[in-house]
Amino acid sequence: MNKDTLITRLRELLPAATPEGSGEWAVLPLPGGEWHAWAGRLRDDAVLQLDYLFCLTCVDWKTRLTMVYHLGSSRHNEALVIKIDLDREQPSVPSVSDIWRTAEFHEREVYELFGVDFPGHPDLRLLILPEGWEGKNPLRKDFEDPVNMIKL
């Protein structure tokens, strides 16, 4: 399977979505509301077989947050990038840790560093930062640290 085949299959599987293929990987912008159901379909589809999540992060654009998921197929050696825009004030997207186990730690990291909630996550708590950092979200652009005089 190549990138063009991947995009064709995505259009068949998710007709409302608009995949893009101008870069190295295919990119699929999605709304967050149905993400969990779509994630299961992407993993279980006989053609795509996107069986592992190898990267999950968040981007702060000052006006919104964007979740970025990198999915891979070990069978086809092909990758897909999913982008989901979130409300900056109440960022939330369903957990996919039950679909791809690696999401469990990635989601915890994004939770503590960006403040994104992942409903359905089995253990959403701080992963890296020490106690007392709950809700401070140091990778957000509005983060201020008066002790170290950091302001982004």
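Just so you know, these numbers come straight off a predicted model, no measurement behind them.
Each of Val110, Leu139, Leu86 was checked for a side chain to side chain contact (heavy atoms under 4.5 Å, CB included) with Cys58, and the lone residue meeting it is Val110.
When all heavy atoms are compared, the tightest approach of His36 to Asp98 is NE2-OD1, 2.9 Å. The heavy-atom pair separating Ile84 from Val93 by the smallest distance is CD1-CG2, 4.2 Å. Taking each heavy atom of Glu107 and Val96 in turn, the nearest pair found is OE2-N, 2.9 Å. The two atoms that bring Ala26 and Leu80 nearest to each other are O-CD1, 3.4 Å, heavy atoms only.
If you take NZ on Lys3 and CD on Glu24, they are separated by 8.0 Å, rounding to the nearest 0.5 Å. Summarising the geometry, atom OG1 belonging to Thr66 is positioned 13.0 Å from atom CD1 belonging to Ile82; distances are rounded to the nearest 0.5 Å. The CG atom of Leu65 sits 8.5 Å away from atom CG of Asp87, with the distance rounded to the nearest 0.5 Å. For the atom pair CE of Met67 and CG of Leu30, the computed distance is 12.5 Å after rounding to the nearest 0.5 Å. A distance of 12.5 Å separates CD1 in Ile7 from CD in Glu12, rounded to the nearest 0.5 Å.
Other members of the cluster containing Trp61 are Trp25, Val27, Tyr52, Phe54, Val59, Val68, Val81, with ILVMFWY side chains joined at under 4.5 Å, either directly or via other members. Through chains of ILVMFWY side-chain contacts below 4.5 Å, Ile128 is grouped with Phe105, Leu127.
For Arg64, the CZ atom is densely surrounded, since the number of other residues' heavy atoms within 6.0 Å is greater than 12. Counting heavy-atom neighbours within 6.0 Å of Gln90 CD, excluding the residue itself, gives a total of 12 or less.
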Problem set entry | Full working for side chain to side chain contact (heavy atoms under 4.5 Å, CB included) between Leu129 and Glu134 | CA-CA 8 Å; Leu129 299 173; Glu134 291 85 354; over 6 Å; no
Problem set entry | Working for salt bridge (charged side-chain N to carboxylate O under 4.0 Å, His left out), residues Arg88 and Asp60 | CA-CA 8 Å; Arg88 186 167 172 58; Asp60 184 349; 3.0 Å; yes
Exercise. Given the rule in the side chain to side chain contact (heavy atoms under 4.5 Å, CB included) test, do Leu42 and Leu71 qualify, once you have shown the distances and angles that lead to the verdict?
Worked result: CA-CA 9 Å; Leu42 293 171; Leu71 309 176; 4.0 Å; yes
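Partners of Trp35 according to the ring-ring contact (aromatic ring centres under 6.0 Å, His included) rule, which considers only residues two or more places apart in sequence or in another chain, are Tyr69. Under the rule for a side-chain contact (heavy atoms from CB on, under 4.5 Å), the partners of Pro122 that lie at least two apart in sequence or sit in another chain are Ser97, Glu104.
Considering only heavy atoms from C-beta on, Arg101 stays 4.5 Å or farther from Leu53 through its side chain. Two residues are said to be in side-chain contact when any heavy atoms from C-beta on lie closer than 4.5 Å; Thr18 and Pro29 fail this criterion. Residues His121 and Arg108 have side chains in contact (heavy-atom distance under 4.5 Å, counting atoms from C-beta outward). Residues Pro119 and Ser92 have side chains in contact (heavy-atom distance under 4.5 Å, counting atoms from C-beta outward). The shortest side-chain heavy-atom distance between Leu14 and Leu28 falls under the 4.5 Å cut-off.
Pairs passing the side chain to side chain donor-acceptor pair (under 3.5 Å) check and including a residue from residues 70-83, sequence neighbours excluded, read Asp51-Ser74. Among pairs with a residue in residues 38-47, those fulfilling side chain to side chain donor-acceptor pair (under 3.5 Å) read Arg9-Asp45, at least two apart in sequence or across chains.
Note: the hydrophobic cluster containing Leu13 also contains Leu6 (ILVMFWY, side chain heavy atoms under 4.5 Å, direct or indirect links).
When atom types are taken as modelled, the side chain of Thr8 and the backbone of Asp4 share a donor-acceptor pair closer than 3.5 angstrom.
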